[in-house]
S.K.: 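Quick one: the structure is below, and I'll ask about it shortly.
Here is how names work: the chains are called A, B, and so on, in the same order as the sequence lines, proteins then strands, and each is numbered from 1. All values below come from the heavy atoms of this structure, side chains included, with hydrogens, waters and symmetry mates left out.
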Protein chains: 2
Amino acid sequence: MAEQTEQACPINPVVDLLFSRWTTPIVWVLEHHGRLRFNELQRLVPSITPKVLTQRLRQLERDGLVIRTYHAEIPPRVEYEISDLGRTLVPVFRTLHDWSGAHLPQVAAARRAYDTAQEEEAAWAEG
Amino acid sequence: MAEQTEQACPINPVVDLLFSRWTTPIVWVLEHHGRLRFNELQRLVPSITPKVLTQRLRQLERDGLVIRTYHAEIPPRVEYEISDLGRTLVPVFRTLHDWSGAHLPQVAAARRAYDTAQEEEAAWAEG
DNA sequence: CGGTATCCTATAGGATACTG
DNA sequence: CAGTATCCTATAGGATACCG
């Protein structure tokens, strides 16, 4: 199935890579705060649980977007930072951010229009 | 939670809007084939079930990215097409596509490196 | 400190059958 | 034709507790 979906939409692989849940907040925070320790990340990415944070960080590390550095001290210290490859996402994120600024209000308006149309339709069906 | 995640990452809303599952293939196909009927869409978006296709199309219609036209004929005919707002996504998708071409190979290489490192570590622990 | 382990639930989404 | 309706399952992810 994945292969066929890929064929129908060439950006599907990059969507899976970059926009699975929690990945953008983590990359964004690392991009803006530099090196961070696990607990700092957990504080800066609100309401993420340690389990899920670990999962996503491992995935991002494997994908080469994030670098994990383990310092064998007592107590142990682990630092996460964005990689050069991860930094190539900055213009991508800016594109998305720009699109948001320009067009999210239109989306909000479309939703309002759709919802009121639905309500009117329901009211009409009612009586 | 959604609000806090938004604060941590300003592109989170647009990610939720554009990159929830199935939305990019649908928008992509509509963008490249023009007007399509429900069953044509179902054929062009491989392996999607009618239930899920309906759900996503309703969402895209509500968000103003897709236009649904109902022709009250027998048999009924419904056409879906991308809206002007939806067409503003073309440069966004191109950005993602360009990033893929430039950097997905690096991601693949990073994964191979990570996996072989893991294997070696496992082999070393084994003896 | 930086995670694991375990358990649990909620939701997305698949399969199948049916209908105005 | 263009969907609904129903049932079902798999997975993501939350809560909590624990560990080297």
S.K.: From CG of N39(A) over to P of dG3(C), roughly how many Å is that when rounded to an integer?
M.R.: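 After rounding, the gap between these two atoms is 9 Å.
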S.K.: Write down the distance between CD (E79(B)) and P (dG3(D)), rounded to a whole number of angstrom.
M.R.: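 To the nearest whole Å, that distance equals 12 Å.
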S.K.: Find the distance Q59(A):CD to dT11(D):P and express it as a whole number of Å.
M.R.: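 Nearest whole value for this atom pair: 16 Å.
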S.K.: In this structure, how many angstroms lie between the C1' atom of dG2(C) and the CD atom of Q42(A), rounded?
M.R.: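 Those two atoms, CD and C1', are 10 Å apart.
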S.K.: Of all the nucleotides listed (dG20(D), dG14(D), dT4(D)), which has the minimum atom distance to the side chain of P76(A)?
M.R.: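 Selected nucleotide (nearest to the side chain): dG20(D).
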S.K.: Got a donor-acceptor pair under 3.5 Å from the side chain of K51(B) to the base of dG14(C)?
M.R.: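 Answer is yes: a donor-acceptor pair is held.
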S.K.: I need the CG-P distance between L57(B) and dA2(D), as an integer number of Å.
M.R.: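 To the nearest whole Å, that distance equals 11 Å.
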S.K.: Can you check whether Y80(B) has a side-chain N or O nearer than 4.0 Å to OP1 or OP2 of dC1(D)?
M.R.: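 No, no such contact exists.
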S.K.: Is V107(A) reachable from Y114(A) through a run of I, L, V, M, F, W or Y residues, each pair having side-chain heavy atoms under 4.5 Å apart?
M.R.: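 In one cluster: no.
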S.K.: Do you know the tightest heavy-atom contact between S100(A) and P105(A)?
M.R.: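 Scanning both residues, the minimum pair turns out to be O-CD, 3.7 Å.
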S.K.: 5'-most contact on DNA chain D: P50(A) or S20(A), nearest heavy atom basis?
M.R.: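 Mapping each residue to its closest nucleotide by heavy atoms, the 5'-most match is S20(A).
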S.K.: Ignoring backbone atoms, establish whether R37(A) has a side-chain N or O less than 4.0 Å from OP1 or OP2 of dG3(C).
M.R.: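 For dG3(C), neither OP1 nor OP2 has a side-chain N or O of R37(A) closer than 4.0 Å.
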S.K.: Taking only the side-chain heavy atoms of R56(A) (C-beta and beyond), determine which of dG3(D), dG3(C), dG13(D) contains the nearest atom.
M.R.: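 Closest nucleotide among those given: dG13(D).
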S.K.: So, does T24(B) use its side chain to make a donor-acceptor pair with the main chain of F19(B) at under 3.5 Å?
M.R.: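 Looks like no, no N/O pair under 3.5 Å.
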S.K.: Among dG13(C), dA15(D), dG3(D), find the nucleotide with the atom closest to the side chain of T49(A).
M.R.: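 Looking only at side-chain atoms, T49(A) lies closest to dA15(D).
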S.K.: Select from R58(A) and P75(A) the residue whose nearest nucleotide in DNA chain C is closer to the 5' end of that strand.
M.R.: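 Comparing both residues, the 5'-ward one is P75(A).
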S.K.: Name the closest nucleotide to the V78(A) side chain, picking from dT4(D), dT4(C), dG2(C).
M.R.: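 Selected nucleotide: dG2(C).
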S.K.: Flag the pair L53(B) / W22(B) as yes when at least one side-chain heavy-atom distance between them is below 4.5 Å, and no otherwise.
M.R.: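 No, too far: nothing below the 4.5 Å cut-off.
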S.K.: Compare side-chain N and O positions of R43(A) against OP1 and OP2 of dC1(C) and report whether any pair is under 4.0 Å apart.
M.R.: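 Negative; the distance criterion is not met.
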S.K.: It should be established whether R68(A) places a side-chain nitrogen or oxygen under 4.0 Å from OP1 or OP2 of nucleotide dG2(C).
M.R.: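 No, no such contact exists.
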S.K.: Is R77(A) close enough to dG3(C) that one of its side-chain N or O atoms is under 4.0 Å from OP1 or OP2 there?
M.R.: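 So the side-chain polar atoms of R77(A) never come under 4.0 Å of the phosphate oxygens OP1 or OP2 of dG3(C).
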S.K.: Give me the ring orientation class for W28(B) and F93(B): parallel if the planes are under 30° apart, tilted from 30 to 60°, perpendicular past 60°.
M.R.: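 Aromatic pair W28(B)/F93(B) classed parallel.
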S.K.: Could you state the atom-to-atom distance from CZ of R21(B) to C1' of dA12(C) in whole Å?
M.R.: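 That distance rounds to 8 Å.
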S.K.: If I take atom OH in residue Y70(A) and atom P in nucleotide dG2(C), what distance separates them, rounded to the nearest angstrom?
M.R.: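 Taking atom P of dG2(C) as the reference, OH of Y70(A) is at 10 Å.
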S.K.: Rounded to whole angstrom units, what separation is found between the CD1 atom of I26(A) and the P atom of dG13(D)?
M.R.: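 My rounded result for the distance is 10 Å.
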